[in-house]
Amino acid sequence: MSKTWRPATQLVHGGTLRSPYGETSEAIYLTQGFVYDTSEAAEARFKGESEGYIYARYGSPTNDMFEKRMCLLEGAEDARAMASGMAAVAAAILCQVRAGDHIVGARALFGSCRWVIETLAPKYGVEFTLVDGRDLKNWEAAIRPNTKVFFLESPTNPTLEVVDIEGVAKLANQIGAKLVVDNVFATPLFQKPLELGAHVVVYSATKHIDGQGRCLGGVVLSSKDWITENLQDYFRHTGPAMSPFNAWTLLKGIETLPLRVKQQTANAARIADILADHQKVARVIYPGRADHPQADIIARQMSGGSTLVAFELKGGKQAAFALQNALEVVKISNNLGDAKSLITHPATTTHKNLTDEARAELGISHGTLRLSCGIEDAEDLIEDFERALSAVAA
Ligand SMILES: *Cc1c(COP(=O)(O)O)cnc(C)c1O
């Protein structure tokens, strides 16, 4: 295996552990445990004196291939595959804090991530502050002597705001805190948080990495030292390990990640432009457009636009519902990153638990829709939108 291969090559070949049978595709090792030739071999394995697997909750060959391939893509030294994106987020945060510590997070977060910081962590005596992550001054002002972790998502769900990752990483380094970045929306292809100074990266592999709607998965990536010192014991003893079957599914998904994300992004860019010119649309937020409010930060830290488009209809909830109901190719679903185009109305689904005021802070109105573009033919998506928009009352 060559570390110098480019990403598309790594994603097809990287991390492959071939059995003596020489199979072309990666094998699925569906086993809970492992056997040892002798008592002495078992003893040496447990002492860490010989290489090898002990129990699937700690690690197993198919998961290992997925973790290694993700490390090559991310430029990380080590990783742990987990059962879902939320298992990964919760582990990345909770494994490194204790009662009396303080977390600073951006307030624009995936709902369950916000729950971990706002509701779960305080139950164990961990304090938090949520800030408007767009302005570095807010991050700086939130720092306390006990701040240990910064957490952010960029671009954010659903309004695709961005946070200056390098700027937040510098603040974290000044006080010896760690920055954890949830990089789902950017995908590992368009943004490299570790290169920008972040200490830990997490993914919901459920999204673009599977990308075909089949299984849940998550992954935490960082330096070898951080994983050994913080995550390893938490991971072994609380049990969020990914199923080897899902690791295999995700390994196959990741082979086509660049092809899918390229097509999804090209489709999203075209739809964003069409929506921006439409008289029934009040506003479009798309990280690939020059009119994105933070286009300067995007140019610095991202190498591509986005597979997602956020937009607001002038006619509010009624128009948003009418558009969703009139779309035929695009399906109504709160998932994202899929080969199928999916659309959701955040105010009544993913963000229904927030007050109108909290939603307004995040730029979500009753007319806001979030589109995740799939890999369909762009012309069919455009026809679908043009037809469905004409069904919306002016
Ligand atoms: C989906 C998602 C998660 C949670 O991932 P699951 O695999 O659904 O547990 C976390 N963060 C972001 C940004 C997501 O989009």
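Just so we're clear, the structure is a prediction, and the values are computed from it rather than from any experiment.
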Looking at R107 and E361, is there a salt bridge between them, counting it only when a charged N and a carboxylate O are closer than 4.0 Å? yes
Can a salt bridge be assigned to the pair R45 and E51 using a cut-off of 4.0 Å between side-chain N and carboxylate O? no
Any chance you could pull the hydrophobic cluster mates of L160, using side-chain heavy atoms under 4.5 angstrom and chaining through other members? V184, F185, I285, L308, L336
For R144, give me all partners under salt bridge (Lys or Arg N to Asp or Glu O under 4.0 Å), at least two apart in sequence or on another chain. E127
Is there a donor in the side chain of E77 and an acceptor in the side chain of S223, or the other way round, less than 3.5 Å apart? no
Whether K317 engages the ring of F321 as a cation-pi pair (distance to the six-membered ring centre under 6.0 angstrom, angle to the ring normal within 45°) should be assessed. yes
Exam field: side chain H345 to backbone H366, donor-acceptor pair closer than 3.5 Å: yes
On the 0 to 90° scale, with breaks at 30° and 60°, tag the F385-F311 ring pair as parallel, tilted or perpendicular. perpendicular
H199 side chain to N173 side chain, donor-acceptor N/O pair below 3.5 angstrom: yes
Angle between ring planes, W248 versus F245, binned at 30° and 60°: parallel, tilted or perpendicular? tilted
Any ion pair linking R289 and D273 (charged N to carboxylate O, less than 4.0 Å)? yes
Compute both the distance and the angle, then confirm whether K207 meets the cation-pi test with F110: under 6.0 Å from the six-membered ring centre, within 45 degrees of the axis. yes
